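Remarks on the structure that follows.
What you see is a predicted model; the values in this text were computed from it and never measured. The first residue of the sequence shown is numbered 1, and numbering continues consecutively from there.
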Amino acid sequence: MITAAAGTARTVAETIDERDEVSRARVIAGEFDVIAEVEAESNQELLSVITEDIQSVENVGHTRTCIVLE
């Protein structure tokens with residue numbers, strides 16, 4: 001889940017959705033502005049996608065990660 005600067009949620013979602021590891025990124029309502037589903041082979045790869053790809057996108061504020069267990 002991602003917060004974006006005011007008025008930039010759609011652009012942030014579109015930019016993140018272009019990443020190979022991102023299955024989908026969509027604008028949502030509530031505490032966060034964008035939700036993205038990321039597929040990674042390992043926790044290390046997930047960390048890299050989040051910190052190097054997603055958090056470096058212009059207008060991304062902060063992120064919250066939830067890992068699917070089943």
Side-chain angles (χ1 to χ4, degrees):
M1 294 177 281
I2 302 156
T3 60
T8 66
R10 181 174 287 147
T11 302
V12 167
E14 290 170 354
T15 301
I16 291 170
D17 201 34
E18 294 174 356
R19 312 285 184 186
D20 290 338
E21 299 86 359
V22 176
S23 302
R24 62 183 156 202
R26 302 291 184 263
V27 176
I28 59 174
E31 180 181 351
F32 292 89
D33 303 304
V34 176
I35 190 165
E37 185 175 321
V38 176
E39 295 183 20
E41 295 286 326
S42 66
N43 287 341
Q44 189 61 35
E45 182 184 359
L46 178 61
L47 176 64
S48 175
V49 170
I50 293 167
T51 59
E52 296 173 20
D53 295 337
I54 293 175
Q55 291 179 345
S56 67
V57 170
E58 186 176 356
N59 295 310
V60 166
H62 70 276
T63 61
R64 178 173 295 164
T65 303
C66 300
I67 297 175
V68 175
L69 299 175
E70 291 185 1

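In terms of heavy atoms, Ile2 sits closest to Ala36 at CD1-CB, 4.3 Å. Looking at every heavy atom in both residues, Ala25 comes nearest to Asp17 through N-OD1, 3.1 Å. Scanning both residues, Ala13 and Val27, for their nearest heavy atoms gives CB-CG2, 4.0 Å.
Pairs of residues two or more places apart, or lying in two chains, that qualify as salt bridge (Lys or Arg N to Asp or Glu O under 4.0 Å) and include a residue from residues 33-42 are Arg24-Glu37. Within the structure, no pair that satisfies the ring-ring contact (aromatic ring centres under 6.0 Å, His included) test touches residues 7-29, not counting sequence neighbours. Annotation: side chain to side chain donor-acceptor pair (under 3.5 Å) contacts involving residues 4-16, sequence neighbours excluded, are absent. Here ring-ring contact (aromatic ring centres under 6.0 Å, His included) pairs that include residues 20-70, with residues two or more places apart or in two chains, are Phe32-His62.
Looking at residues two or more places apart in sequence or on another chain, you find no salt bridge (charged side-chain N to carboxylate O under 4.0 Å, His left out) involving Glu45.
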Anything under 3.5 Å between a donor and an acceptor, one on a side chain of residues 49-60, the other on a protein residue two or more places apart or in another chain? List them.
{"from": "Thr51", "atom 1": "OG1", "to": "Leu47", "atom 2": "O", "distance (Å)": "2.8"}
{"from": "Glu52", "atom 1": "OE1", "to": "Ser48", "atom 2": "OG", "distance (Å)": "3.3"}
{"from": "Gln55", "atom 1": "NE2", "to": "Thr63", "atom 2": "OG1", "distance (Å)": "2.8"}
{"from": "Ser56", "atom 1": "OG", "to": "Glu52", "atom 2": "O", "distance (Å)": "2.6"}
{"from": "Ser56", "atom 1": "OG", "to": "Asp53", "atom 2": "O", "distance (Å)": "3.1"}

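Here CD1 of Ile35 is found 11.0 Å from CZ of Arg26. Values are rounded to the nearest 0.5 Å.
The only option from Thr65, Val22, Ile67 that meets the side-chain contact (heavy atoms from CB on, under 4.5 Å) definition with Val38 turns out to be Val22.
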